[in-house]
Amino acid sequence: MERIVLHIDMDYFFAQIEERENPQFKGKPVVVGADPKGGKGRGVVSTCNYTARKYGIHSAMPISKAYELCPEAIFLPVNMQLYQKVSEKIMEIIKKYLPRSIPSESEGLLRGSPKWEITSLDEAYLDISFLNSYKKAENLAEKLKKEILEKEKLTCTVGIGPNKLIAKIAAEKAKPRSELRSTTGAKPNGLLIIKPNQVKKFLEPLDIEDLPGIGPKTGMRIAQSLSLRSRHYANAPIRIRDLKKLSKKELVELLGRVGETLYERARGIDEEPVTSEEIIKSIGKEHTFEKDTRDPEIIFSKFDEIIKEIGQELFLTNLYFRTITVICRFTGFETHTKSKTLEKTTRDSEILEKEAKKLLLKFLLENPKLIRLIGLRVKIF
DNA sequence: AAGTTCTTATTAC
DNA sequence: CTAACGGTAATAAGAACTT
């Protein structure tokens, strides 16, 4: 039986919330992320509104560069507490668009059982196969968008397709290109529906990096592999139709297991179920210093803090750990990890502290460079 | 030779 | 001097190690 999957993605989420809370920002460039510190800040842009994008600013850009591009922008710190609260309210709204749970042994097999999946603060999937029609799916999407706008005063973009992959890419493509935005405060607020018979045409002209799982590195490797067999313009984007020229065997040779899924994805195939079952496998904390340092006072007081916070979380969540990993990034962005797996799982914060410090000490003894970042992560059970 | 651990690389939000 | 690049988490692959 064919599925119908909906992907909802809030528009420039953090920045849009800030606009909503501060109407005086309307039409002005808003950048949420690290403190630019007059151009010397070391963090990155988390999210920015579309006015800021006109200056060339985008997510994940170093905040120093964003400041360079538009020093007069409104730079705001990440107010995660607020975004979390807003997220919860939105998810509550979304949840109501699914049929109520049917208490039954054959839950998963019932077409009417509620299937949804929250993938981040601002994204979720809904399995709306029960509607049995794309027309009804469109209707539901319109109503959902309207309710979120009315109740939360926020716009979102929705993609609908026969699986999670297509729904996700559809939502991405439904957001208009940033350069075309005006200063009027217009928001993406999009909706794109790709029916099964449209999937092939939809995917073929897209850039391969539009496929989830292909980032810059994998994109490069595929480009190289393709230009070896046929001449290509050096800077022309590689499209999904080009990717389809590689056989499954070739892709697996090039990319291993990833190649296998990419072969399917290029053809719009994705059987991943929409499911809310998700288990956290590790928890960690890391910190970048304002300046690279070798001062043991600074390094160890921060590390102590990190150890305490993770210890706290383990205690609060009743979780056990067995593997401890310490991350150390030196001057020049050179990053290394050291890990230690214990005999058996434990929740003892003394052990965590002892082992973590041992690992960090090893780093300090074997590498004399200044330290940029330290971090700690534990694998949990 | 197989299983476990350690380390790095890549991706995504 | 030329790049600038956070924090959190998952997954994969291969090297290194035990048994």
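Since the model is a prediction, treat every value here as computed from it, not as a measurement. In what follows, chains carry the letters A, B, and so on, assigned in the order in which the sequence lines appear, proteins first and then strands, with residues in each chain numbered from 1.
The side chain of A:Lys340 places no N or O atom within less than 4.0 Å of a non-bridging phosphate oxygen (OP1 or OP2) of B:dT7. When the side-chain nitrogen and oxygen atoms of A:Thr337 are compared with OP1 and OP2 of B:dT8, one or more of them lie within a distance under 4.0 Å. Phosphate contact (OP1/OP2 of B:dT7, side-chain N/O of A:Ser339, threshold under 4.0 Å): present. At the phosphate of B:dC13, neither OP1 nor OP2 sits under 4.0 Å from any side-chain N or O atom of A:Thr119. A sub-4.0 Å separation between OP1 or OP2 of C:dC5 and a side-chain N or O of A:Lys65 is absent. Put simply, A:His287 has no side-chain N or O that comes within less than 4.0 Å of OP1 or OP2 on C:dG6. The phosphate of C:dG7 (OP1 or OP2) has no side-chain N or O of A:Arg377 nearer than 4.0 angstrom. In terms of phosphate contacts, A:Arg42 brings no side-chain nitrogen or oxygen within less than 4.0 Å of OP1 or OP2 of C:dG6. Look at A:Lys281 and you'll find a side-chain N or O under 4.0 angstrom from OP1 or OP2 of C:dT11.
Of the candidate nucleotides C:dA13, B:dT7, C:dG7, B:dT7 has the atom nearest to the side chain of A:Lys338. When distances run from any side-chain atom of A:Pro62 to the nucleotides B:dT8, C:dA4, B:dT10, the shortest one goes to C:dA4. When distances are taken from the side chain of A:Glu286 to each of C:dC5, C:dT8, B:dC6, the shortest belongs to C:dT8. In the set B:dC13, C:dG7, B:dT5, B:dC13 carries the atom at the smallest distance from any side-chain atom of A:Glu123. The side chain of A:Arg372 approaches C:dG6 more closely than any other nucleotide in the set C:dG6, C:dG7, B:dC13. Side chain of A:Ser282, nearest nucleotide from B:dC13, C:dG6, C:dA9: C:dA9.
Look at the C1' atom in both C:dA3 and B:dA12: the space between them is 24 Å, to the nearest Å.
For the pair A:Arg322 (side chain) and A:Leu342 (backbone), a donor-acceptor distance under 3.5 Å is present. Between the side chain of A:Arg42 and the backbone N or O of A:Glu290, at least one donor-acceptor pair lies under 3.5 Å. Panel note: side chain A:Lys153, backbone A:Glu150; a donor-acceptor pair is recorded below 3.5 Å.
No engagement by A:Ile63 is indicated, since no non-hydrogen atom pair under 4.0 Å with the nucleic acid exists. At the heavy-atom level, A:Lys379 lies nowhere under 4.0 Å from the strands shown. Within the nucleic acid shown, A:Thr218 comes within 4.0 Å of sugar-phosphate atoms alone, with no base atom in reach, counting heavy atoms only. If you check every strand for non-hydrogen atoms under 4.0 Å, A:Leu373 touches sugar and phosphate atoms only. When heavy atoms are screened at a 4.0 angstrom cut-off, A:Lys217 is found touching the sugar-phosphate backbone but no base atom. A:Ile327 comes within 4.0 angstrom of nothing in the nucleic acid, heavy atoms only. Using a 4.0 Å heavy-atom cutoff across all strands shown, A:Arg221 reaches no nucleic acid atom at all.
Nearest-nucleotide positions on DNA chain C place A:Ser64 closer to the 5' end than the other of A:Ser64 and A:Val258. Taking the nucleotide of DNA chain C with the nearest heavy atom to each of A:Val44 and A:Glu313, the more 5' of the two is matched to A:Val44.
For CD of A:Glu72, the number of neighbouring non-hydrogen atoms (other residues, nucleotides, ligands) closer than 6.0 Å is greater than 12.
The aromatic rings of A:Phe14 and A:Tyr83 sit parallel, their planes meeting at an angle under 30°, below the 60° perpendicular limit.
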